[in-house]
Every structure is written in structure tokens, then in C-alpha cells.
Amino acid sequence: MPKTEADLQAAVEGGLFEEGHHLDLKMAVTNGKAGNKELARDLASFAVDGGTLIIGVQENKESRTFELAPQPLNGLPEKVELVARTIPDPPLIVLTEEISSRAGDGTGYLIVHIPASPIAPHMVDNRYFGRSDKTKYQMSDNEVVSLHARRRDTEADILTLLRKEMDEDPLRDVGAQSHLFLVAQPTAGRRDMCLPITGARDWNIRLHTLIQQTRTSPRTQAALSGMGFNPDLSYATQGHRRARGVALSSAGLGPGRAYTPEGRASDESVVELQLFEDGSLRLLMTRLSFGTSEPYSLPGDEEQVLFDAAPVVLTRQILELLLRISDEVGYHGNWSVAVGATRLRGRRRWSGRSVFASNHRYSADTYEESTGTTLAELNEAQGAVTRRLLGPLLRSLDSEEAFEQALNDK
């Protein structure tokens, strides 16, 4: 991809630019409502399979060649990103790169990268758009149905992996606490994608470093300010080899994922992070609920209440970790992610010291939700991904509003 004006000029002179399914060239973005809608349709059409829009290159219709036409850059990236976030439904996350012209007059070129969206197609004005060989077009009903079916197949695969983890819970017959599960799978990764991490002699240090970078990331800290619980990822300190991968766990899980209680009150509270050679990642945390009782209550009257901050904190941390793993191994594709929980029926969220305890009790025993996410979303919209994964659970517990900071991307 061009990085300088000279690169763009060389591509023009060498005849390397050719508009197609994954590339469109525009001289400028038209101002006004109509121009914004047209730009939104372009972006939505690329979101099906991914592509790039270059602004500042115009076509000479007579000679069928291209020439540079630098445009004012002030506010242009922000405008494109705002259009992507506000007009298509669902919103789009795009990545922009500025290239300044040698004239030094504030003009230049904008490269807009539109990743293949795992939640495509995206609607503009109640119509769906795709990309043909040369231009965008309105998709037929059959194409839209086919895309939705393809998306459901992808979601089914990650949900199958989630259910496998829930079935293989090493503490499924231990205690009364609710358990949280999170799984992630690269959609286009090699079978040995994470071997540079899992196969390294110092894998333990590398994974610890990635977790530390995740926890201390300014983005993560800002989103989770004022929230905390244990055990979080910082408790996963013991290293284990696993089949086709590695794991870090807290005390309580030994070799082979065997439950190894040590006679402590916290034995039932375990966290484990597994990373596999193919890039799949799996998290188990067994303290999604804890026992509490009213003053002067009788023995045995303890109630298990749900720690609803736990899935929010761990989901944000895992999404940041996926971003850092992608960067570490050079993976630029999409991810499928799913969250699950067990032992929920009849339980309500913890209301802290408030005298206004919640009476909204969860009516099912398990929770499952999945979504796809792009590298652009992991960079720019972790809150939106977290809301897709946890919104139904938090709304059922009447606590979504309490986590607006972590569910938004301001």
C-alpha cells in the first residue's frame, strides 16, 4: 500500500492502479448529506469482503488512466470515520492513513481501509450494498439471506467451541459458584499461528508480558476505572503445558487441568487462560458468583449473588489481549468470540452495600452469546464488541447502565 506521494505517483505512472472488487479510487468526497450517504454506501459495499478506498486520485475518462488530485486533509479522516460510525447500520469501523502532498499546503491523500466485517451486510437507507468487479451495487434478497446464513455458520462454530469448554469445566461438580467462560478463534489463521509464542522456550514470560501489557493498557484502565474483582488475569501465574498449547492458571488447577484444592477458603475461585498453537484462546473463571447473607441470618441461608462486573472486566481484558496477540504474531484477520456462563438460574446481581437490592433474578441456567470482530474494532471499538457479547446478560440483570463506561468507545 502506498505510504508517500511518490509511491502514489509511481503507481499511477506504472499503471498499477486498477479499480476492482477490493479497490476504489475517488478524487474527493462530496460535501453535504447526499455526499455522506454516497460515501456510506461505498464503505458498506466494501465491508462484505474488505477493501480499500483511496481519496485524492481521479480517473481521466478519455485516456482511461489515473492522475493525482490532492485534497484538503483537515478534518477529512474524522469525517470519513464519523460517516462510517453513524450512517451504516450496524455501524462500521474503518482505518484511515493520511499521505501529505509535497506542496506542503495541507492537501494530500487519504487511504481508507475497510476490513471485511463479521456482521456484514451493512444497511444504508434500508438497502444493502455489495461490491462487483468495478463498482458497488444493491444486493438482492437472496444474497443478503446467504450472507446472514454464512454468519450464522461462523457463530455456530464458535458456540460449539464454547459449549465444549463448558462441558469440560474441571470444577463443574465443585461448590455452588457460577462460572464464566470466554473463547476466541481466529477466522483465517494458520494452524501454527501462535507457535512463536506457545513453542518458545520462554513462552511463560511472553504470555505474562502480554497479560501485563493488557492490564496496564491506558485504554483498558480507562474503560475499567473503578472496577475490580478477583481472580482476574493477574492471578493466572502458574504455567502449564496443554495439548497443542499452553496455559496460565491460578492456584487450584494443576497438570492436566486437575482440580487441586489446598484447603483454603478461595480454593473454589479459579482463573485459567489457555492459548493454543492455532491461535484459539480460552478463559475459565469460577467466581462469577459468591455467597452472601443478611445480618443475623441462620446458618445455611447464604445466597449466591452474581458479580456482574466480572464478565465486563474479563471481556475487555481478553479483547485487548487478542489485539496484542495479533500484533505479536502478525495476524491481521478477524476473530470469532463467545462468552458463556453456568449456574445462573434464580440468581441476581450483587448490589454491594446498597439497601436497594436487585430483585431481577436470571431465569435460565446458562448464558451464551457470540460475535465476530475485526482488527479495526479491536483497535477502536472494544466497547461495542463487549456490548454485543454481554448486553443481553446485563440487561437481564438490570445492570447494563452501570457499565456504560466499559461498553462505549468515547
Under a 4.0 Å threshold between the charged nitrogen and the carboxylate oxygen, would [Y] count as salt-bridged to [X]?
X: Glu400; Y: Arg395; answer: yes
X: Asp267; Y: Arg264; answer: yes
X: Glu320; Y: Arg215; answer: no

Pairs meeting criterion salt bridge (Lys or Arg N to Asp or Glu O under 4.0 Å) with involvement of [range], two or more places apart:
range: residues 169-186; result: none
range: residues 372-381; result: Glu377-Arg388
range: residues 101-117; result: Glu5-Arg102
range: residues 72-94; result: none

Residue Arg241 excluded, over 12 heavy atoms near CZ under 6.0 Å:
yes

Under the ring pair (Phe, Tyr, Trp, His ring centres under 6.0 Å) rule, collect the residues that match up with Tyr367, sequence neighbours excluded.
none

Step-by-step side-chain contact (heavy atoms from CB on, under 4.5 Å) determination, Leu281 to Leu273
CA-CA 7 Å; Leu281 181 146; Leu273 179 73; 3.6 Å; yes

Suppose we screen for side chain to side chain donor-acceptor pair (under 3.5 Å). Which residues come up paired with [X], at least two apart in sequence or across chains?
X: Asp202; value: Arg206
X: Ser289; value: Ser178, Gln304, Arg347
X: Thr86; value: none
X: Asn334; value: none

Listed once per pair and sorted, the ring-ring contact (aromatic ring centres under 6.0 Å, His included) pairs that draw on residues 80-136, sequence neighbours left out
none

Please list all pairs passing the ring-ring contact (aromatic ring centres under 6.0 Å, His included) test where one or both residues lie in residues 208-247, with sequence neighbours left out.
Phe229-Phe307

Would Lys26 and Asp42 count as a salt bridge (charged side-chain N to carboxylate O under 4.0 Å, His left out) if you check the C-alpha gap in whole Å, the side-chain angles of each, and the deciding distance to 0.1 Å?
CA-CA 11 Å; Lys26 279 187 177 295; Asp42 287 329; 3.1 Å; yes

Counting distance only, does the side-chain N/O of Arg349 pair as donor-acceptor with the main-chain N or O of Leu397 below 3.5 Å?
yes

Any chance the side chains of Asp157 and Thr160 put a donor and an acceptor closer than 3.5 Å?
no

Side-chain atoms of residues 47-59: list all donor-acceptor pairs with protein atoms under 3.5 Å, sequence neighbours left out, distances to 0.1 Å.
from	atom 1	to	atom 2	distance (Å)
Asp49	OD2	His21	NE2	2.8
Gln58	NE2	Glu67	OE2	2.8
Glu59	OE1	Lys61	NZ	3.3

